[in-house]
Amino acid sequence: MKIASWNVNSLKVRLPHLQQWLAEAQPDIVALQETKTVDEKFPVDEIAAMGYRAVFSGQKTYNGVAILARDEPVDAVTDIEGLDDPQRRILAATVGDIRVVNLYVVNGKALGDEKYAYKLHWLAKVRDFLAEEIARHPKLVVLGDFNICRDDRDVYDPVAWGEDIFCSPPERAALQALLDVGLHDSFRLFTEDAGLFSWWDYRQAAFRRNMGLRIDLILISDALKSVATSSIIDKAPRKWEQPSDHAPVALELNL
DNA sequence: ATGGTGGGTGTCCCA
């Protein structure tokens, strides 16, 4: 069983990349972020032709999340208690006996910005939602673009970056609060290395210089931790023509 | 401190 996450930065533009990557990586479940596609225009037929069912929650121009799976995703949730939010950033669904929560965490822009306050409020509400989800679903995976670096190993130049956006103590505490409901950062079950990133800015040849951040995470509950066999970042699609600025991340389970 | 690049939209917003 392989479960993946990829911020595609426009599904319309990246559909050929997604198709190529699905064919090569053969994931069973994929969470997508920044589809930037209204539901009426979601490429259901193209996805079905690849052998995947899809649930999605999109909007015009911004945000948008989707879950693709070999088996039909059911019991989808797009809105959570306490967040009356027009931004389409959350999608939970059940595939088999695994509960999948796909998150496109608020970017936050800069410390002190109103978007930063919104990010922290949003994360607090998501924490409460996850506490309920894990109580109902022992096999829980929470994955997506978290827009937070857990620690300095996840930042290309932690001294220069300091405690700026993505690395501020309140953001890191908010991420830790998600983990504290009973989740594990699956990537860190397999490596303690620094300098392994999932996002690189389009500017300044950042990818070539490995000036990146690890902000795309796959968090798993105890029941899935016990059967996890690998958790990797697949840098290959970031090298393709007209790439997303994010690489896909993928978890393998012995299920 | 700024601006570099990219996507979607529309002559700017967001990342």
Side-chain angles (χ1 to χ4, degrees), chain A residues 5-21 30-43 46-47 56-66 83 85-91 102-123 126 143-150 154-168 170-172 174-175 197-217 233 235-249:
Chain A
S5 176
W6 196 4
N7 180 323
V8 292
N9 187 17
S10 170
L11 185 52
K12 183 180 172 184
V13 171
R14 228 68 66 190
L15 184 59
H17 283 210
L18 178 65
Q19 289 169 316
Q20 183 175 344
W21 190 75
V30 187
L32 303 177
Q33 304 84 36
E34 285 206 88
T35 55
K36 299 184 176 178
T37 306
V38 294
D39 293 348
E40 294 72 27
K41 292 185 179 174
F42 195 89
E46 292 87 340
I47 297 293
F56 35 84
S57 179
Q59 67 181 90
K60 194 178 174 186
T61 309
Y62 303 119
N63 308 312
V65 283
L83 267 186
D85 190 354
Q87 299 191 21
R88 302 292 81 196
R89 299 176 172 278
I90 300 173
L91 179 59
N102 180 11
L103 300 178
Y104 175 47
V105 175
V106 178
N107 177 291
K109 192 178 172 83
L111 272 66
D113 193 280
E114 63 181 22
K115 290 173 184 166
Y116 179 77
Y118 164 56
K119 182 180 196 174
L120 295 178
H121 174 72
W122 189 93
L123 284 162
V126 166
L143 73 177
D145 176 359
F146 285 74
N147 275 322
I148 300 171
C149 301
R150 268 192 81 202
D154 304 324
V155 184
Y156 69 91
D157 186 348
V159 174
W161 203 286
E163 295 185 346
D164 209 344
I165 191 72
F166 295 9
C167 296
S168 70
E171 288 169 278
R172 284 178 166 169
L175 175 55
F197 308 129
S198 65
W199 171 87
W200 302 261
D201 200 292
Y202 284 120
R203 297 164 283 194
Q204 301 176 312
F207 181 69
R208 181 178 57 75
R209 300 157 74 191
N210 198 34
M211 296 169 64
L213 305 172
R214 189 175 73 93
I215 52 178
D216 299 273
L217 309 178
I233 301 166
K235 289 173 70 172
R238 188 63 176 78
K239 302 170 185 170
W240 297 346
E241 285 285 314
Q242 203 179 10
S244 168
D245 44 353
H246 294 254
V249 296

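Numbered from 1 within each chain, the chains take letters A, B, ... in sequence-line order.
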_Residue pair N107(A), Y118(A): steps toward the side chain to side chain donor-acceptor pair (under 3.5 Å) verdict_ = CA-CA 9 Å; N107(A) 177 291; Y118(A) 164 56; over 6 Å; no
*asked:* I need the CG-P distance between L213(A) and dA15(B), as an integer number of Å.
replied: 15 Å
*Describe the nucleic acid contact of F166(A) in one word from base, sugar-phosphate, nothing, applying a heavy-atom distance below 4.0 Å.*
nothing
_Integer-rounded Å distance: dC14(B) C1' and Q33(A) CD_ = 16 Å
*Can you tell which of dG4(B), dT9(B), dG7(B) lies closest to the side chain of K60(A)?*
dT9(B)
*asked:* Side chains of W199(A) and D216(A) only: does a donor on one sit below 3.5 Å from an acceptor on the other?
replied: no
*asked:* With rounding to the closest Å, how many angstrom separate the P atoms on dT5(B) and dT9(B)?
replied: 22 Å
*Can you tell me how far P of dC14(B) sits from CG of N7(A), to the nearest Å?*
17 Å
*Kindly assign one of parallel, tilted or perpendicular to the pair W6(A) and H17(A), based on the angle between their ring planes and the thresholds 30° and 60°.*
parallel
_Candidate pair Q33(A) and D145(A), rule side chain to side chain donor-acceptor pair (under 3.5 Å), full reasoning_ = CA-CA 7 Å; Q33(A) 304 84 36; D145(A) 176 359; over 6 Å; no
*Quick one: on DNA chain B, does H246(A) or D201(A) contact a more 5' nucleotide (nearest heavy atom)?*
D201(A)
*Answer with yes or no whether the side chains of N63(A) and R89(A) bring together a donor and an acceptor at under 3.5 Å.*
yes
*Phosphate OP1/OP2 of dG7(B) contacted by Q242(A) side-chain N/O (<4.0 Å)*: yes
*Of all residues at least two apart in sequence or in a different chain, which pass the side-chain hydrogen bond (donor to acceptor under 3.5 Å, both in side chains) check with S168(A)?*
Y116(A), E171(A)
*Using distance alone, with no hydrogens and no angle criterion, decide if S244(A) and N9(A) have a side-chain donor and acceptor under 3.5 Å apart.*
no
*Of the nucleotides dT9(B), dA15(B), dG7(B), which one has an atom closest to the side chain of R14(A)?*
dG7(B)
*Can you tell which of dG3(B), dA15(B), dT9(B) lies closest to the side chain of T61(A)?*
dT9(B)
_Euclidean distance, atom CG of residue N9(A) to atom C1' of dT5(B) [Å, nearest integer]_ = 11 Å
*Tell me: NZ of K12(A) to P of dG6(B), nearest whole Å?*
18 Å
*For dG3(B) versus dC12(B), give the span between their P atoms, rounded off to a whole number of Å.*
15 Å
*Please state how far atom CD in E34(A) lies from atom P in dT9(B), giving the value in whole angstrom units.*
13 Å
*For the side chain of Y104(A), counting heavy atoms from C-beta on, which of dG7(B), dA15(B), dT9(B) is nearest?*
dA15(B)
*Taking atom C1' in both dC14(B) and dG4(B), compute the distance separating them and give it to the nearest angstrom.*
16 Å
*Counting only non-hydrogen atoms, which of residues 109-120 of chain A are less than 4.0 Å from DNA chain B?*
K115(A)
*Looking at R89(A), does any N or O in its side chain come under 4.0 Å of the phosphate oxygens OP1/OP2 on dA15(B)?*
yes
*Rounded to the Å, how far apart are N107(A) CG and dG7(B) P?*
17 Å
*asked:* By the 4.0 Å heavy-atom rule, please label R238(A) as base, sugar-phosphate, or nothing.
replied: nothing
*Between atom OH in Y202(A) and atom P in dT5(B), what is the gap in whole Å?*
13 Å
_Tell me every residue that passes side-chain hydrogen bond (donor to acceptor under 3.5 Å, both in side chains) with R238(A), counting only those two or more places apart in sequence or in another chain._
none
